[in-house]
There are 2 protein chains.
Amino acid sequence: MPIRATDQIIHKAAWLYYNHGLRQDEVAQKLEISRASIAAYLRRAREMGIVTITTSSELFSDDVLARELEDATGLTTAWIVPEDRQAMDPAAEMPVVAASVFLELIEKGDRIGVAWGRTVYHIADVMPFADLRGVTVVQLCGNLGAPYSYRPDQCTTEIARRLNAEGINFYAPLVLSTERLAEELRGEPVIKEQLATISDCQLALYSVGGIEDDSHLVKCGALSAEDMHALGKNGAAGVIAGQLIDRDGQWVDCAHNRRCISADLDSIRAIKKRMLVVQEDNKFEPLMAALRGGFASHLIVTTSMARRVMERWNREGLGKGAPGAA
Amino acid sequence: MPIRATDQIIHKAAWLYYNHGLRQDEVAQKLEISRASIAAYLRRAREMGIVTITTSSELFSDDVLARELEDATGLTTAWIVPEDRQAMDPAAEMPVVAASVFLELIEKGDRIGVAWGRTVYHIADVMPFADLRGVTVVQLCGNLGAPYSYRPDQCTTEIARRLNAEGINFYAPLVLSTERLAEELRGEPVIKEQLATISDCQLALYSVGGIEDDSHLVKCGALSAEDMHALGKNGAAGVIAGQLIDRDGQWVDCAHNRRCISADLDSIRAIKKRMLVVQEDNKFEPLMAALRGGFASHLIVTTSMARRVMERWNREGLGKGAPGAA
DNA sequence: TCGCATTATTGACTTTTGTCAGCATCAGTG
DNA sequence: CACTGATGCTGACAAAAGTCAATAATGCGA
């Protein structure tokens, strides 16, 4: 894609400022334009990803607890967000860490799967701007028919926009009213093809959902609170890409899952870099289920959550590596 | 390598400033430290490569002339430095473009060969700071015994320092007084081993030397002006990594070359990304020789030089791709 | 071609950042 | 234990960058 004529001047300004280290007034002089415009250009250059500013996220992975967690659970890398008073509030910090790590994990030409949820949306919201043409961001699960603040397509679109990547949305509902219709829709060539490309992803980003009344599926009306309770009694322990998983991270054979249009769990497990981000303390059990199910190779959690995972993992005598991990 | 305790605070400051977008005074407040210190930390963070600021060099490759040059000569990519009045002085611009392109071409874990000369030294001098641990920078040719402003080892070391990469120097002179000694030294295990690793490089950076009286080899005393003249008469057309090449880019069988300790030309040609940077207008013939010899896959030149190359290449009826190109 | 709406540019002002001399701290040394 | 040189921190000031309302330019439909 050639540079648009109007971008040329922005590019030049950014180059002189960031590469040559000229001051804004010097750049303004050189390009025969006001300094105020240069300031505006530079802002745009950053927003367009012409200029990229990255900070190593090593601060969060260089940690004894992170090493221990990796060793115990077989994760490739863990990032630990501290909760001490000197640090940021974890609720604000976690998405920033996640966005930074996510960006670091992307390689040229990658295909990236993005799921949905409050956490993912917040990550999209603080995602730095970059120029990653050649990268493709695909939606991992169907859309929620009802309007909702954190729609799956919004997550995908926003991330793709910020990265200057291609965003591929999924034009199917997440849940249908009958199993038959879901089945038929999954068989539709457009949908089928898109689902088939998911296992080609090199990187996936998601959180794990809870099965409480405040879970997304309930709040979005995909499931009633009663249904969710019942599913919980029958072994459901968490939600991955809109689908219920049991405590071992296995697909639950229930009406809801059968009515879902979303990435096949094995396709997700086939993705090499599976980045799982968990914010809320009350998602401990769902997180354990996701870990047991092999849904994470890269994990971002708070210090306290990391401790709880370590303790439980060791208590259960689970060895290195989760079942189903690639 | 774990973060040094003292770096931790720098890292934190950089994180809060660049990732969370806090102002310096807010960071100062959070870390309970003066704002002036934060300013100092941030500078250090940039110099240490904790924070990296990159600008796309597309401005120079997105150019009709660049496309034509690539198509005609079979280069992978060409970057053209403009000479119009609105742009920077090419003498100042070229090294900045080269440094930026060089950084873009590096991939994780790469081994990089760096030669020597005024151009390479200037590139090293404007190389941005980055955190590329795992990358290795190796010296392509022996050192100049005589003290000189742009010593081969300085180029390697400075680039490695700025990139936070490992620098491997070559502790042998570039030229020895007798062929026999050069031969013996090349046979020494330490030297031999190092020379052997050169073809494992994924990226090389060099310029091409001229054979005029002001050439490096003459100015450093490796060759007398008379010898150089004589070599010129006998077909030498340029210098690559301290060694003379003829107009077709082939190794010249002369006393000087036989007394040289430097990367084997075929080893250099075996490197996938061969980045050639030519500043001076009077290096046209050496550049042509280097191109014919397949010493460039990535080229950085001025507009006028690009035009001359195009014209000559077409006139000579050289097809796509240089002989010897990988 | 005109008028309208939208976008781009700028000068003047405010806020933020960079700098540096002076003070505090600390490790090494006689 | 005092001395010394080096390093690091800070407050106050200077420099640079950010912002915004007013103005100019531009595109576009009628």
Side-chain angles (χ1 to χ4, degrees), chain A residues 1-56 59 85-88 92 96 125-126 128-129 161-162 164, chain B residues 2-56 59 85-88 92 96 125-126 128-130 161-162 164:
Chain A
M1 193 204 317
I3 302 182
R4 283 185 298 142
T6 176
D7 288 358
Q8 187 90 354
I9 193 78
I10 295 176
H11 214 131
K12 264 192 188 169
W15 182 265
L16 293 171
Y17 187 78
Y18 287 105
N19 287 74
H20 283 275
L22 299 192
R23 290 194 313 270
Q24 294 188 356
D25 54 348
E26 295 176 302
V27 177
Q29 210 178 328
K30 190 142 218 112
L31 301 184
E32 293 167 327
I33 220 167
S34 80
R35 198 193 56 74
S37 295
I38 299 298
Y41 289 171
L42 294 178
R43 163 191 290 275
R44 286 227 267 150
R46 287 184 299 258
E47 287 178 358
M48 291 169 67
I50 288 174
V51 171
T52 318
I53 302 181
T54 54
T55 313
S56 151
L59 186 56
R85 201 173 48 74
Q86 209 200 26
M88 290 299 284
V96 177
D125 213 43
V126 295
F129 296 91
R161 186 180 74 81
R162 298 225 183 187
N164 253 297
Chain B
I3 303 183
R4 284 183 299 142
T6 175
D7 289 357
Q8 186 90 357
I9 193 78
I10 295 176
H11 213 132
K12 264 190 189 171
W15 182 266
L16 293 172
Y17 187 78
Y18 287 106
N19 287 75
H20 283 276
L22 299 191
R23 289 194 315 270
Q24 293 188 357
D25 55 347
E26 295 176 300
V27 177
Q29 208 177 331
K30 190 140 219 120
L31 301 184
E32 292 166 329
I33 220 167
S34 81
R35 197 193 57 75
S37 295
I38 299 299
Y41 289 171
L42 294 178
R43 163 190 290 276
R44 287 228 267 150
R46 287 185 300 258
E47 286 177 0
M48 292 168 66
I50 288 174
V51 171
T52 317
I53 301 181
T54 54
T55 314
S56 153
L59 186 55
R85 201 173 50 75
Q86 209 199 25
M88 292 296 285
V96 177
D125 212 46
V126 294
F129 296 91
R161 187 181 74 81
R162 299 227 184 186
N164 253 296

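Proteins come first, then strands; the chains are lettered A, B, ... in the order of their sequence lines, and each starts at number 1. Computation of the quantities below employed the complete heavy-atom set of this structure, encompassing side-chain atoms and omitting hydrogens, waters and symmetry-equivalent molecules.
Closest to the side chain of A/R43, out of C/dG18, D/dG11, D/dT19, is D/dT19. Checked against D/dC20, C/dT19, C/dT17, the side chain of B/Y17 finds its nearest nucleotide in C/dT17. Among D/dA16, C/dT9, C/dG18, the nucleotide with an atom closest to any side-chain atom of A/R23 is D/dA16. Proximity note for A/A36 (side chain, C-beta onward) versus D/dC9, D/dG18, C/dT10: the nearest is C/dT10. Checking D/dT19, C/dG11, D/dC9 against the side-chain heavy atoms of B/Y41 singles out D/dC9 as nearest.
Heavy atoms of A/I33 sit under 4.0 angstrom from primed sugar atoms or phosphate atoms, though from no base atom.
Applying the 4.0 Å criterion to OP1 and OP2 of D/dG11, one finds that B/S34 has every side-chain N and O outside that range.
Judged by distance alone with a 3.5 Å cut-off, a donor-acceptor contact links the side chain of B/R35 to the base of C/dG18.
The closest side-chain heavy-atom distance from A/F129 to A/R46 is not below 4.5 Å. Between A/L31 and A/L16 the shortest side-chain heavy-atom distance falls below 4.5 Å. Here the side chains of B/H20 and B/W15 are in contact, with some heavy-atom distance below 4.5 Å.
If you measure from atom CD of B/Q24 to atom C1' of D/dA16, you get 12 Å, rounded to the nearest angstrom.
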